[in-house]
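Okay, structure first, notes after.
No hydrogens, no waters, no symmetry mates; every other heavy atom, side chains included, goes into these values. Numbering of residues begins at 1 and proceeds along the displayed sequence.
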Amino acid sequence: MWRLLYETAARANELLALDVEDLDLANRRARVHSKGGAVEWVFWQTGSAQLLPRLLAGRTSGPAFLGDRQPTRPVAGLDLDPTSGRARAVVPAGRRTVPGAHRVDAASARHSALTHAAEDGTNLPLLLARSRHASVRSLERYARPGPEAVARHLAQTDPARRRS
């Protein structure tokens with residue numbers, strides 16, 4: 001879950017709402033229901049592509065992410081795995097380490113992914129598409145490259161460097 005949060009830059013509630021049928025493992029993408037109910041795609045990289053089949057363990061239906069135990073309270077049928085009887089997982093508590101970041105929680109994994117992509121030089125249209133923000137204004141607070149990234153970008157695009 002943590003790797004998928006970072007690699008897709010999706011919202012935690014979008015990933016937790018995924019059913020196995022929403023996953024397109026061959027094309028490394030999933031259909032999510034975003035804010036406002038729009039159906040959109042999120043994409044992942046090799047790390048998640050290697051872990052997801054193990055997570056699913058051959059399941060073909062039901063929630064993609066399951067809690068560790070049987071539910072202790074009544075749960076809607078759509079939120080239960082038909083085989084194990086386990087319920088859909090909830091937003092992960094606590095903080096974890098994700099690739100390229102310090103310790104983060106589920107919400108900041110998305111923001112870290114976008115900041116790292118911006119620092120690596122990802123252009124604005126791709127950042128908007130990946131984050132699925134409606135406007136640049138809502139994206140700008142998360143995709144803020146640090147001073148080292150700005151210095152690296154200037155060094156790489158220095159006209160004197162291109163002449164050599």
Closest contact, heavy atoms only, Leu15 versus Phe65 | O-CD1, 3.5 Å
Kindly indicate whether the side chain of Leu154, heavy atoms from C-beta on, has any atom under 4.5 Å from the side chain of Val150.
-> yes
Measure from the side-chain N and O atoms of Ser138 to the backbone N and O of Ser135, and report whether any donor-acceptor pair falls under 3.5 Å.
-> yes
Less than 4.5 Å apart, any side-chain heavy atom of Val20 and any of Ser61?
-> no
Report yes if the side chains of His133 and Leu114 come closer than 4.5 Å at any heavy-atom pair, otherwise no.
-> yes
Nearest atoms (heavy-atom pairs only) where Gly37 meets His33 = O-ND1, 4.2 Å
Within one Ile-Leu-Val-Met-Phe-Trp-Tyr cluster: Leu23 and Trp41, side-chain cutoff 4.5 Å | no
In this structure, which one of Met1, Arg3, Glu7 forms a side chain to side chain contact (heavy atoms under 4.5 Å, CB included) with Leu5?
-> Met1
Are Val42 and Leu4 side-chain neighbours, meaning at least one heavy-atom pair lies under 4.5 Å?
-> no
Does one hydrophobic cluster hold both Trp2 and Leu18, with members joined at side-chain heavy-atom distances below 4.5 Å?
-> yes
To the nearest 0.5 angstrom, please state how far the CZ atom of Arg137 sits from the CG atom of Leu139.
-> 12.5 Å
Hey, does the side chain of Asp120 reach the backbone of Thr122 with a donor-acceptor pair shorter than 3.5 angstrom?
-> no
Evaluate the criterion salt bridge (Lys or Arg N to Asp or Glu O under 4.0 Å) for residue pair Arg88 and Asp19; output intermediate values, then yes/no.
-> CA-CA 9 Å; Arg88 186 179 305 276; Asp19 289 325; 2.7 Å; yes
Does CG in Asp68 sit with more than 12 non-hydrogen atoms of other residues, nucleotides or ligands closer than 6.0 Å?
-> no
Atom of Ala118, atom of Leu127 and distance for their closest heavy-atom approach = CB-CD1, 3.8 Å
What pairs meet the salt bridge (charged side-chain N to carboxylate O under 4.0 Å, His left out) rule with one or both residues in residues 28-44, with sequence neighbours excluded?
-> Asp22-Arg31, Asp24-Arg29, Glu40-Arg132
Closest heavy-atom pair and its distance - Gly67, Arg86 = O-NE, 2.8 Å
Test item: Arg152 side-chain N/O and Glu119 main-chain N/O as donor-acceptor pair under 3.5 Å | yes
Answer yes or no: are there more than 12 heavy-atom neighbours, outside Leu78 itself, under 6.0 Å from its atom CG?
-> no
Does the side chain of Arg110 come within less than 4.5 Å of Arg11's, by heavy atoms?
-> yes
Say whether Phe43 and Leu55 are linked into one hydrophobic cluster, either directly or through other cluster members, by side-chain heavy-atom distances under 4.5 angstrom.
-> no
Are any of the side-chain heavy atoms of Leu52 and Trp44 separated by less than 4.5 Å?
-> yes
Using modelled atom types only, decide if a donor and an acceptor are shared between the side chain of His153 and the backbone of Ala149 within a distance under 3.5 Å.
-> no
Please report the closest heavy-atom contact between Ala113 and Tyr6, naming both atoms and the distance.
-> CB-O, 3.1 Å
Check the hydrophobic clustering (I, L, V, M, F, W, Y; side-chain heavy atoms under 4.5 Å; chains of links allowed) and say if Leu80 and Leu16 are grouped together.
-> no
Does Leu126 share a hydrophobic cluster with Val136, counting links as ILVMFWY side-chain heavy atoms below 4.5 Å and allowing steps through other members?
-> no
